[in-house]
**Student:** 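One structure is given below, represented as structure tokens, and several questions about it will come after.
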Amino acid sequence: MSSTVQAVRGMNDILPTDSPVWQFLEDTVRRIAQSYGYSEIRLPVVEKTELFKRSIGEVTDIVEKEMYTFDDRNGDSLTLRPEGTAGCVRACIEHGLLHNQIQRLWYAGPMFRHERPQKGRYRQFHQIGVEAFGLEGPDIDAEMIFMTASLWRALGIGNMQLQINSLGTIESRDEYREDLVAYLRTCESGLDMDSRRRLDSNPLRILDSKNPDMQSIIQAAPQLREYLDESSREHFGGLCELLDSAGTDYVINPGLVRGLDYYGKTVFEWVTSELGAQGTVCAGGRYDGLVSYLGGRTTPAVGFAVGLERLIAMIEVAGTDYPSGGPHVYLVMNGEKANRSGLVLAEEVRRAVPGLRLMSNCGGGSFKSQFRRADRSGAHLALIMGDDELDRGEIGIKWLRGEGGQETIPQNQLGVRLRELLSELIGLHR
Ligand code: HAM
């Protein structure tokens with residue numbers, strides 16, 4: 001017997017029973033992004049490897065260990081995108097979208113990282129990303145945070161903590177890095193292997209370590225905050241003021257350094273204790289240097305991305321109500337004539353009642369088996385068309401759930417009657 005081929009580890013199918021929550025999430029994000037005036041940009045899933053090396057940084061976990069990189073048939077090195085910011089910046093430069101213009105953009109789609117799969121961490125996962133270009137003040141940073149907070153509200157999720165920090169400018173960070181490395185060398189024997197390796201390549205990431213044995217070393221380390229330049233200090237102060245005035249709670253986390261190299265000044269994350277080890281649902285920050293680094297004009301930029309698998313886990317924890325997406329009505333047909341004219345009637349009804357979701361019985365079957373299918377479809381209403389009803393120019397309407405109940409009406413009134421029932425049906429399908 002030949003074995004069946006299975007999906008790649010860490011890459012999940014989204015089955016029909018899972019789709020309604022994905023659609024609810026995607027619709028909600030689209031609505032919120034539009035309500036802040038952001039436009040959608042759609043970007044390729046594959047980019048040149050160099051783009052990610054240059055933007056995310058050569059000595060980050062993503063570039064060193066996690067990218068799906070391959071040579072195509074021309075010998076060009078390509079990579080499945082591990083995130084969306086680099087491609088978004090590339091597209092904006094390539095199409096001249098940043099010339100004396102402000103851009104507020106969002107995108108959605110799969111990202112790929114060869115990480116160790118576990119709950120909340122996958123090799124193909126989905127993000128919705130939001131980026132704003134051409135705005136340098138803290139007001140846009142605050143708007144991004146407000147947008148995420150309204151997204152949590154719209155999705156009915158709670159127990160999320162906002163953590164913020166400032167990484168300062170590259171210059172102030174360089175000075176800090178030197179002092180941090182000098183300090184860490186004095187306690188090198190207490191560092192784990194990973195941190196010793198990072199001492200030369202990416203020492204700030206050591207501050208992000210979750211290793212409990214290293215926490216006392218991390219806590220006694222010099223603080224980046226003390227090294228911030230004047231403009232970063234002012235920017236961060238401005239952001240805190242805006243958050244305070246909106247009543248948005250936050251925690252300043254000096255250890256928040258992010259795993260991608262392009263950030264400077266503001267960084268933020270929304271974290272939750274509901275999801276175990278993978279508690280970061282949303283992350284982002286400012287990356288004023290990236291556009292010019294990739295060959296564009298100097299352009300301030302800020303953005304964030306939310307992990308959709310983690311957000312869906314949060315929606316499930318919260319028990320948020322969302323539309324089921326199934327049919328409202330199932331058409332049952334009994335008899336030869338009815339079978340012939342049923343599909344045509346269904347077409348007419350769909351045209352006459354916009355928004356109605358009508359599933360026709362296909363493939364025949366006894367009355368009983370058709371009702372079983374009607375029930376399984378999740379529909380609340382069955383339309384019953386038999387040869388007798390057809391001869392009389394009538395059609396039956398039967399409620400499948402709750403109290404039940406049945407009525408028979410002239411067929412030419414069906415559109416009117418279903419339009420009357422539609423709001424009730426839409427309500428029932430939430
Ligand atoms: P990131 O922190 O690498 O940032 O990812 C953002 C979010 O994507 C994470 O907080 C998490 O929710 C989700 N995520 C990341 N990796 C995985 C995974 N393996 N499985 C499931 N979910 C995952 C970025 O990607 C930046 N591009 C964000 C940004 C946009 N910064 C500025 N603009």
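Counting starts at 1 for both ligands and their atoms, following the listed order.
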**Student:** Give the residue and atom name of whichever protein heavy atom lies nearest to atom 31 (N) of ligand 1, and the separation in Å to one decimal.
**Tutor:**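 For atom 31 (N) of ligand 1, the nearest protein heavy atom is Tyr263 OH, 2.6 Å.
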**Student:** Look at the side chain of Glu83 and the backbone N and O of Thr85, then say whether any donor-acceptor pair between them is shorter than 3.5 Å.
**Tutor:**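 Yes.
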**Student:** Identify the heavy atoms of Leu400 and Ala379 that sit nearest to each other, and give their distance.
**Tutor:**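 Closest heavy-atom pair between Leu400 and Ala379: CD1-O, 3.6 Å.
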**Student:** Under 4.0 Å from a heavy atom of Gly284: give me the atoms of ligand 1 that qualify, with their elements.
**Tutor:**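 Within the 4.0 Å cut-off of Gly284, ligand 1 contributes 31 (N).
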**Student:** For a quick test of reading the model, state the closest non-hydrogen atom pair linking Ala352 to Arg419 and the distance between them.
**Tutor:**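 The pair with the smallest heavy-atom distance is O-NH1, 2.5 Å.
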**Student:** I'd like to know if Arg196 pairs up with Asp192 as an ion pair, taking the criterion as any Lys NZ or Arg NE/NH1/NH2 lying under 4.0 Å from an Asp or Glu carboxylate oxygen.
**Tutor:**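 Between Asp192 and Arg196 there is no salt bridge, as every charged N stays at least 4.0 Å from the carboxylate O atoms.
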**Student:** Give the residue, atom name and distance (to 0.1 Å) of the protein heavy atom nearest atom 12 (O) of ligand 1.
**Tutor:**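 For this ligand atom, the closest protein heavy atom is Thr280 O, 2.9 Å.
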**Student:** Could Arg286 and Asp141 be called an ion pair, given the rule that one side-chain N must be under 4.0 Å from one carboxylate O?
**Tutor:**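 Salt bridge flag = yes for Asp141 with Arg286.
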**Student:** Below 4.0 Å, non-hydrogen atoms only: which portion of Val281 touches ligand 1? Side chain, backbone, both or neither.
**Tutor:**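 Near ligand 1, Val281 shows its backbone, while the atoms from C-beta on stay back.
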**Student:** Using a strict cut-off of 4.0 Å, indicate which atoms of ligand 1 neighbour a heavy atom of Arg258.
**Tutor:**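 Listed by number with element, the hits are 1 (P), 2 (O), 4 (O).
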**Student:** Report, in ascending order of atom number, the atoms of ligand 1 lying under 4.0 Å from any heavy atom of Arg113.
**Tutor:**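 What qualifies from ligand 1 is 1 (P), 3 (O), 5 (O), 15 (C), 16 (N), 25 (O).
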**Student:** Is Lys53 salt-bridged to Asp261, going by a charged N under 4.0 Å from an acidic O?
**Tutor:**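 No salt bridge links Lys53 with Asp261.
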**Student:** Nearest protein heavy atom to atom 20 (N) of ligand 1, by residue and atom, and its distance?
**Tutor:**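 Heavy-atom neighbour on the protein nearest atom 20 (N) of ligand 1: Tyr122 N, 3.0 Å.
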**Student:** Salt bridge or not between Lys65 and Glu115? Use side-chain N to carboxylate O under 4.0 Å.
**Tutor:**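 Looking at Lys65 and Glu115, the cut-off is not met.
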**Student:** Side chain, backbone, both or neither: which part of Tyr262 comes within less than 4.0 Å of ligand 1 when only heavy atoms are counted?
**Tutor:**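 Under 4.0 Å from ligand 1, Tyr262 contributes side-chain atoms alone.
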**Student:** Identify the protein heavy atom lying closest to atom 30 (C) of ligand 1, giving its residue, its atom name and the separation to 0.1 Å.
**Tutor:**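 Nearest protein contact, heavy atoms only, for atom 30 (C) of ligand 1 is Thr85 OG1, 3.0 Å.
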**Student:** Considering only protein heavy atoms, which is closest to atom 33 (N) of ligand 1, and at what distance to one decimal place?
**Tutor:**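 Looking at atom 33 (N) of ligand 1, the protein heavy atom closest to it is Glu131 OE1, 2.8 Å.
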**Student:** Write out the residue and atom name of the closest protein heavy atom to atom 14 (N) of ligand 1, then the distance separating them to 0.1 Å.
**Tutor:**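 Its nearest protein heavy-atom neighbour is Phe125 CE1, 3.5 Å.
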**Student:** Any idea which atoms of ligand 1 are less than 4.0 Å away from a heavy-atom of Glu83?
**Tutor:**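 This gives 25 (O), 26 (C), 27 (N) as the contact atoms.
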**Student:** Taking Arg401 first and then Asp375, would you say they form a salt bridge - that is, a charged N and a carboxylate O separated by under 4.0 Å?
**Tutor:**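 A salt bridge links Arg401 with Asp375.
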**Student:** Below a 4.0 angstrom heavy-atom separation, can you tell me which part of Glu115, side chain or backbone, both or neither, approaches ligand 1?
**Tutor:**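 Side chain only.
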**Student:** Looking at every non-hydrogen atom in both residues, tell me the closest pair between Ile41 and Tyr107 and how far apart they are.
**Tutor:**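 It is O-CB, 3.2 Å.
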**Student:** I'd like to check the side chain to side chain contact (heavy atoms under 4.5 Å, CB included) partners of Thr28; sequence neighbours left out, ordered by chain and number.
**Tutor:**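 If we apply the side chain to side chain contact (heavy atoms under 4.5 Å, CB included) test to Thr28, skipping adjacent residues, the hits are Phe24, Arg31, Ile32, Leu151, Ala154, Leu155.
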**Student:** What is the closest protein heavy atom to atom 5 (O) of ligand 1, and at what distance does it sit?
**Tutor:**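 For atom 5 (O) of ligand 1, the nearest protein heavy atom comes out as Gln127 NE2, 3.1 Å.
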**Student:** Would you check whether Leu308 reaches within less than 4.0 Å of ligand 1, judged by its heavy atoms?
**Tutor:**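 The answer is no: ligand 1 sits nowhere under 4.0 Å from a heavy atom of Leu308.
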**Student:** Checking contacts here: is it the side chain or the backbone of Glu309 that comes within 4.0 Å of ligand 1, counting heavy atoms only? Could be both or neither.
**Tutor:**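 Glu309 to ligand 1: no contact under 4.0 Å from either part.
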**Student:** What I want to know is whether Leu260 and ligand 1 share at least one N or O pair that is separated by under 3.5 angstrom.
**Tutor:**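 By distance alone, the answer is no.
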**Student:** Counting only heavy atoms closer than 4.0 Å, does ligand 1 sit against the backbone of Gln278, its side chain, both, or neither?
**Tutor:**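 No part of Gln278 comes within reach of ligand 1.
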**Student:** Could I get the full list of side chain to side chain donor-acceptor pair (under 3.5 Å) partners for Arg376, not counting sequence neighbours?
**Tutor:**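 Here no residue qualifies.
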**Student:** Going by heavy atoms in the side chains, are Tyr36 and Val130 under 4.5 Å from each other?
**Tutor:**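 In short, these two side chains do not touch, never coming nearer than 4.5 Å.
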**Student:** Could you pull out, from Pro117, Gly303, Gly120, Gly307, the option with a heavy atom nearest to atom 21 (C) of ligand 1?
**Tutor:**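 Looking at heavy atoms only, the winner is Gly120.
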